[in-house]
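Here is the structure we will look at, set down as structure tokens.
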There are 2 protein chains.
Amino acid sequence: MAVTAPEANEETMAMRVVAALRDEIVTMALKPGDVISESDIAGRYGVSRQPVREAFIRLAQQGLLLIRPKRATVVKKISPDGVRQSRFIRESIEVEIIRRVAGQPGPDAAGVLDGLIADQEAASAANDSRRFHILDELFHRTLARLAGVEYAWQLIDDHKMQLDRVRYLTLGVSSSQRAIAEHKEIAAAVGRADPASAEAAMRAHLARAEVLLNQTISDFPDYFE
Amino acid sequence: MAVTAPEANEETMAMRVVAALRDEIVTMALKPGDVISESDIAGRYGVSRQPVREAFIRLAQQGLLLIRPKRATVVKKISPDGVRQSRFIRESIEVEIIRRVAGQPGPDAAGVLDGLIADQEAASAANDSRRFHILDELFHRTLARLAGVEYAWQLIDDHKMQLDRVRYLTLGVSSSQRAIAEHKEIAAAVGRADPASAEAAMRAHLARAEVLLNQTISDFPDYFE
DNA sequence: TTCCGGTATCTACCATACAAGATTGCGGAA
DNA sequence: TTCCGCAATCTTGTATGGTAGATACCGGAA
């Protein structure tokens, strides 16, 4: 259960190291294949080896690090098959979510989604790609909340970290217009209480990640297994 | 990203402690709400506090323990809503899997499934409930393998730990005949290459867990949040 | 009896030291 | 030059001591 469970608070040193390292990894400051060591990171953050070691354990369980006992610890390379199956998991869950939402839409469901899309259009117009990315996540997360399974989104989020690394490599706006159009189509199907159309639109929306992945693999082969 | 990723090997003491504690928890030897401590477990297994501490971290990330800093560590109580959402996740993925398998069944798919069901009937006849449970898992795992997403099953498996605790409380054979009949229905739909029927049969099969959960909550309220 | 405060004792957290396996590189022999 | 073996030096794993915070208990005052 809960992979990224309750480590949101950064009370302890170990938690802080986890947050810092995870950020470095998903932003590609630490690249797949990079070798790191407990002493190295400990010195870098001015703490003992102990909290760093615990951070390594957490990140290894999240699939970002690979601890090779008595040898070294490396930033895990991205597994194409793992990403593919993560996408399968995400599509399975999000399709079920959108069916629920479109099947029994709450009174304000369509309104909330339209509001988010408007924000995305604003972010896109301002060329604020970071905000756009956050709003994109929020759109999907909101769908999970509307379906009453927000916890399921946390699961997707954990698995999305791998693909986020890929996304960071291709930080071009990557046709945000198209994503917005697809979001509109999904929201419209929800407004019409049309589960079948909503499912089709969601599948088409998620299918784009496949193209992104394949292109990135050929662009950065060293970062993949 | 594998939550229960590569800790199958029990090379280190920490790994052994993880395996031992997890077994104690899912078999209800350690009950939800039980308070444990690093020193306690360390003394019990004859190791230092350090490996135990790391085991706690791993089990906490798997949702089996709750570490309360500077206070204590307790065996996490079962969250009914968490179990419900885990079931949602499982159903989403397994439905997608069965659609794939029934939509494009491999040449020997139906034969493999029939073989497993035959084994289950033998186990049921021998009243070997443990073996029956293992074969039940294998049936679902095999479907994932046939769909080419065996990794997705690992995810379900991680989330299933919570429900396994519940299941252990109700260790009656719990109508294995009925489960076998449902498996047969699923396998038959795969044999006919009939995705719609297969999906319906799978949903009905998984829906039984909901009844089991509600009954167990009323029988053992102390073990739930 | 009830309530409040101080203290003993518990907890997880962190730092440090040591142990043991794995790697690297250097030097000598063929 | 090439190859083999040993040793220095990495790495993670484990043990232990000390620290800060939270809890529980116990005694005294109202």
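Every chain is numbered from 1 and lettered A, B, ... according to where its sequence line falls, protein lines coming before strand lines. Bear in mind that the values here come from a model prediction, so they are computed numbers and not experimental data.
Atoms CZ (A:Arg53) and P (C:dA15) sit 15 Å apart, rounded to a whole Å. In this structure, CZ of A:Phe56 is placed 10 Å from P of D:dG13, rounded to the nearest angstrom. Here C:dC13 presents its P atom at 12 Å from CD1 of A:Ile57, a figure rounded to the nearest Å. With rounding to whole Å, B:Glu54 atom CD is found 12 Å from D:dT12 atom P. Put simply, CD1 on B:Ile67 is 15 Å from C1' on C:dC14, counting in whole angstrom units. Protein atom CE of B:Met13 is 13 Å distant from nucleotide atom P of D:dG13, rounded to whole Å. In this structure, the CG atom of B:Leu66 is 16 Å from the P atom of C:dT11, given to the nearest Å.
Side-chain nitrogen and oxygen atoms of A:Ser48 include at least one within less than 4.0 Å of the OP1 or OP2 phosphate oxygen of C:dA15. Listed pair B:Thr12 / D:dG13 fails the phosphate criterion, with no side-chain N or O lying under 4.0 Å from OP1 or OP2. OP1 and OP2 of C:dA22 both lie 4.0 Å or more from every side-chain N or O belonging to A:Arg68.
Smallest separation of non-hydrogen atoms from A:Val75 and A:Leu65: CA-CD2, 3.9 Å.
As judged by a 4.0 angstrom heavy-atom cut-off over every strand, A:Ile36 is placed among residues touching the sugar-phosphate backbone only. Backbone-only contact: A:Thr73 has heavy atoms under 4.0 Å from sugar-phosphate atoms and none from a base.
Checked against D:dA15, D:dG13, D:dT11, the side chain of A:Pro69 finds its nearest nucleotide in D:dG13.
For B:Arg178 and B:Glu182, the salt-bridge test passes: some basic side-chain N is under 4.0 Å from an acidic carboxylate O. In this structure, B:Lys70 does not pair ionically with A:Glu11, as no charged nitrogen and carboxylate oxygen lie closer than 4.0 Å. Salt-bridge check for B:Glu137 with B:Arg141: failed, with every basic side-chain N at 4.0 Å or more from each acidic carboxylate O.
With sequence neighbours excluded, the residues that form a side chain to side chain donor-acceptor pair (under 3.5 Å) with B:Arg87 are B:Glu91, B:Glu210.
No option in B:Asp119, B:Ile117, B:Ile180 other than B:Asp119 meets the side chain to side chain contact (heavy atoms under 4.5 Å, CB included) test with B:Leu135.
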With the criterion being N/O to N/O and under 3.5 Å, what pairs connect the protein with nucleotides 17-21 of chain D, and how long is each?
| from | atom 1 | to | atom 2 | distance (Å) |
| --- | --- | --- | --- | --- |
| D:dG17 | O6 | B:Arg49 | NH2 | 2.6 |
| D:dG18 | O6 | B:Arg49 | NH2 | 3.3 |

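Between B:Ile41 and B:Phe56 there is a side-chain heavy-atom pair separated by less than 4.5 Å.
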